[in-house]
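Data block below; observations after.
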Amino acid sequence: MSPKSRLYTLVKAWKNKPFQEVRDACGAPWLGLSSQALEEHQSWSKRQAISHEPIFNRKGTKLTGSLFRPLLTASDMQLLRLFMEGLDTISYWYRSGRFIPGILPIPTHAIASSAYVDALSDLILNSRLPVGLVALGMQSLPEPELADSCKEGLLRMRRLGVLLHLMNFSGSSEQLHWVEEMQMEGIHLDMGHLREQTLSHDVLAKIRRSPYSSTQIYASNVGLVKDLENASDWQIDHCYGGLMMSSISRHQMLQINDSRIAKAIFSLHPHQQLNPNGDK
């Protein structure tokens, strides 16, 4: 039996079970984990790994989502376990009364694989999360021979109510075509590319016009005060990075106070001047 078929069998077994914390399934043979490794993983889970990068609106007045960073570098053997962990975290927030959308990055070759998409679909259905809480982050465009399979995988995700995002957006015509054709809800660009002017401002202006007008723009790597000013000037919808807030645990995410974050971020804006009496 191939690793992928074992992987699919594991997920299939979860289909009709109540959604649980992902550590319950981490002893599956396809993961190659010994009992000692399983215990270490459970201990790691209890320590609340610093894995979730908060996303805010460009003014910092509202928490608008979270990026699950471990999936950005996951191997094929880790992919479904980490995807389950990401879903479990979103479910944990939802059960705690917080409607925090989670962006789960997935490599393109997995989106183009019917076996992986079957497994992802079962996990999403089993999570019983409301529409709008789960976003799939497509990390790159596929090779031409995988394009049709990738589109089919994305459409299957869309039919489950999953939002579609394109990570690592650079403004190429091919990327714009995918965003338009798949009607993606979000694109993620690196603020460093805007600083270095490797991404044209004209591209952002184009995103604001039909047929892209419903697509939200996310800026990553926000690390300078100037980045916040540029985000406002370029009408970027969401920002994340070290200046906004570093990655935190899933429990810490529940403690975020929007007004407190806004006060801290606004204090960085030089345009908020005081009048002679010392009032804003």
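Side-chain N or O atoms of Gln255 include none that pairs as donor or acceptor with a backbone N or O of Gln252 at under 3.5 Å. With hydrogens and angles ignored, the 3.5 Å screen pairs no side-chain donor or acceptor of Asp88 with any backbone N or O of Met84. Under a 3.5 Å cut-off, the side chain of Thr64 and the backbone N or O of Ile55 do form a donor-acceptor pair. For Asn221 (side chain) and Asp190 (main-chain N/O), no donor-acceptor pair under 3.5 Å exists by modelled atom type. Between the side chain of Glu196 and the backbone N or O of His193 there is no donor-acceptor pair closer than 3.5 Å.
There is a path of hydrophobic side-chain contacts, each under 4.5 Å, that joins Val179 to Met138. Hydrophobic clustering keeps Leu120 apart from Ile103 (ILVMFWY residues linked when any side-chain heavy atoms are closer than 4.5 Å, directly or through intermediates). Grouping the Ile, Leu, Val, Met, Phe, Trp and Tyr side chains by contacts below 4.5 angstrom, directly or via other members, places Leu163 apart from Phe99. Put simply, Ile106 and Ile90 are part of the same group of oily side chains (I, L, V, M, F, W, Y) that touch within less than 4.5 Å, one to the next.
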Go through the steps for His109 and Asp76 under the test side-chain hydrogen bond (donor to acceptor under 3.5 Å, both in side chains), then give the verdict. CA-CA 10 Å; His109 71 270; Asp76 285 356; 2.8 Å; yes
For Asn57 and Thr61, run side-chain hydrogen bond (donor to acceptor under 3.5 Å, both in side chains): C-alpha distance rounded to whole Å, both residues' side-chain angles, the deciding distance at 0.1 Å, then the answer. CA-CA 7 Å; Asn57 64 352; Thr61 56; 2.6 Å; yes
Side chain to side chain contact (heavy atoms under 4.5 Å, CB included) for Leu63 and Ile100? Distances and angles first, verdict last. CA-CA 8 Å; Leu63 177 70; Ile100 305 174; 4.0 Å; yes
Would Leu204 and Leu194 count as a side chain to side chain contact (heavy atoms under 4.5 Å, CB included) if you check the C-alpha gap in whole Å, the side-chain angles of each, and the deciding distance to 0.1 Å? CA-CA 10 Å; Leu204 299 185; Leu194 285 174; 4.1 Å; yes
What verdict does the salt bridge (charged side-chain N to carboxylate O under 4.0 Å, His left out) test give for Glu185 and Arg158, after you've listed the backbone C-alpha separation in whole Å, the side-chain angles of each residue and the deciding distance to 0.1 Å? CA-CA 11 Å; Glu185 283 81 10; Arg158 169 65 53 70; 3.1 Å; yes
Apply the test side chain to side chain contact (heavy atoms under 4.5 Å, CB included) to residues Arg98 and Met253: give CA-CA distance (whole Å), side-chain angles for both, the deciding distance (0.1 Å), then the verdict. CA-CA 9 Å; Arg98 294 293 298 274; Met253 188 75 74; over 6 Å; no
Assess the residue pair Tyr94 and Leu133 against the criterion (side chain to side chain contact (heavy atoms under 4.5 Å, CB included)); give the C-alpha distance rounded to whole Å, side-chain angles, the decisive distance to 0.1 Å, and a yes or no. CA-CA 9 Å; Tyr94 180 63; Leu133 276 184; 3.8 Å; yes
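One finds a salt bridge joining Glu152 and Arg159 here, because a Lys/Arg side-chain nitrogen approaches an Asp/Glu carboxylate oxygen to under 4.0 Å. The pair Glu229-Arg58 fails the salt-bridge criterion, with no side-chain N (NZ, NE, NH1 or NH2) lying under 4.0 Å from an Asp/Glu carboxylate O. Under the 4.0 Å criterion applied to side-chain N and carboxylate O atoms, Asp233 and Lys226 are not assigned as salt-bridge partners.
Within the structure, ring-ring contact (aromatic ring centres under 6.0 Å, His included) contacts touching residues 126-152 (residues at least two apart or in different chains) do not occur. Note on residues 143-168: pairs passing ring-ring contact (aromatic ring centres under 6.0 Å, His included), not counting sequence neighbours, are His165-His188, His165-Tyr218.
Looking at Ile248 and Ile256, their side chains come closer than 4.5 Å, going by heavy atoms from C-beta outward. Side-chain contact between Lys206 and Val203: absent, with no pair of heavy atoms (C-beta onward) separated by less than 4.5 Å. For the pair Met157 and Leu164, the minimum side-chain heavy-atom distance is below 4.5 Å. With contacts defined as side-chain heavy-atom distances shorter than 4.5 Å, the pair Leu228/Val222 qualifies. Looking at Leu154 and Met184, their side chains come closer than 4.5 Å, going by heavy atoms from C-beta outward. Side chains of Leu224 and Asn230 form no contact here, defined as non-hydrogen atoms less than 4.5 Å apart. Considering only heavy atoms from C-beta on, Ser172 stays 4.5 Å or farther from Leu176 through its side chain. Contact annotation: the side chain of Tyr240 approaches that of Ser220 to within less than 4.5 Å [non-hydrogen atoms, C-beta and beyond].
Taking both residues in full, the closest heavy atoms of Leu79 and Pro107 are given as CD1-CD, 3.8 Å, listed atom of the first, atom of the second, then distance. The heavy-atom pair separating Ala219 from Met191 by the smallest distance is CB-CE, 3.6 Å. In terms of heavy atoms, Phe83 sits closest to Leu104 at CE1-CD1, 3.5 Å. A pairwise comparison of heavy atoms in Gly132 and Pro101 identifies O-CB, 3.8 Å as the closest pair. For the residue pair Leu243 and Val225, the shortest heavy atom distance occurs at CD2-N, 3.7 Å.
Using modelled atom types, one finds no donor on one side chain facing an acceptor on the other under 3.5 Å when comparing Ser91 with Ser127. Side-chain contact check for Ser170 and Gln175: at least one donor-acceptor pair (N or O, by modelled atom type) lies under 3.5 Å.
Rounding to the nearest 0.5 angstrom, the gap separating the CZ atom in Arg156 from the CD1 atom in Ile124 is 10.0 Å. Residue Thr89 holds its OG1 atom at 13.0 Å from NE2 of His251, rounded to the nearest 0.5 Å. In this structure, the separation between CH2 on Trp178 and CG on Leu166 is 9.5 Å, given to the nearest 0.5 Å.
Between Trp93 and His52, the ring planes lie perpendicular to each other; the angle is over 60°, past the 30° to 60° tilted range.
At most 12 non-hydrogen atoms from other residues, nucleotides or ligands lie less than 6.0 angstrom from CD of Gln183.
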